[in-house]
Amino acid sequence: MTLLLLSAVLASLAAFYVVRPILARRTAVVVDAAPGALLDAEAKRRSTLAALKELEYDYLGGKLDQADYLAQRDRLSYEALAAMRAAETAQAQAGAGVVDGIVPREVGTAAHGCGFVNPPASRFCAGCGKRLR
Ligand SMILES: [Zn+2]
């Protein structure tokens with residue numbers, strides 16, 4: 001009985017040890033959030049590219065015939081291209097300090113060493129995650 005209790009406690013501690021960094025990271029991402037338009041555009045870009053990649057895998061794995069694959073690839077390629085353009089526009093606007101279409105009078109931004117242009121008040125680089133100030 002004691003051994004069972006001890007093993008249950010150890011399993012709980014191990015599970016907490018494994019899950020703790022995941023929970024901590026999720027909190028940090030929410031705190032250092034970029035402007036909403038940039039996050040939406042980036043999420044759309046990533047999801048369309050992931051869907052395109054999954055379509056390729058499905059086709060190569062034999063789950064889709066060629067006609068379906070070509071039709072879906074054309075549609076997803078168009079969506080991915082539009083999403084990439086929207087993400088670039090949103091990133092450029094966020095870099096210029098534009099929030100919801102409002103352009104500030106004075107803009108003081110510079111690209112980080114990794115090349116990502118962050119909003120002026122950023123404490124961390126959204127491109128590489130390093131501390132900016
Ligand atoms: Zn960076």
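Atoms within each ligand, like the ligands themselves, are counted from 1 in listed order. Hydrogens, waters and symmetry mates are skipped; everything else that's a heavy atom, side chains included, is used. Count residues from 1 along the sequence.
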Quiz item: Other than Val9, which residues form its hydrophobic cluster under the rule that side-chain heavy atoms must be closer than 4.5 Å?
Solution: Leu13
Self-check item: Under-2.8 Å protein N/O/S neighbours of the Zn ion (ligand 1), ordered by chain then residue number
Solution: His112 ND1, Cys114 SG, Cys125 SG, Cys128 SG
Practice problem: Compare all side-chain heavy atoms of Phe116 with those of Asn118 and state whether any distance is below 4.5 angstrom. | Solution: yes
Quiz item: Counting distance only, does the side-chain N/O of Ser12 pair as donor-acceptor with the main-chain N or O of Ala8 below 3.5 Å?
Solution: yes
Exercise. Sequence neighbours left out, what pairs pass side-chain hydrogen bond (donor to acceptor under 3.5 Å, both in side chains) with at least one residue falling in residues 62-71?
Key: Glu56-Tyr69
Donor-acceptor list for residues 46-54 side chains, cut-off 3.5 Å, not counting sequence neighbours:
{"residue": "Arg46", "atom": "NE", "partner": "Glu42", "partner atom": "OE2", "Å": "3.1"}
{"residue": "Ser47", "atom": "OG", "partner": "Ala43", "partner atom": "O", "Å": "3.3"}
{"residue": "Ser47", "atom": "OG", "partner": "Lys44", "partner atom": "O", "Å": "3.0"}
{"residue": "Thr48", "atom": "OG1", "partner": "Lys44", "partner atom": "O", "Å": "3.0"}
{"residue": "Thr48", "atom": "OG1", "partner": "Arg45", "partner atom": "O", "Å": "3.0"}

Practice problem: Measure the shortest side-chain to side-chain distance between Leu76 and Arg73 over non-hydrogen atoms and say whether it is less than 4.5 angstrom. | Solution: no
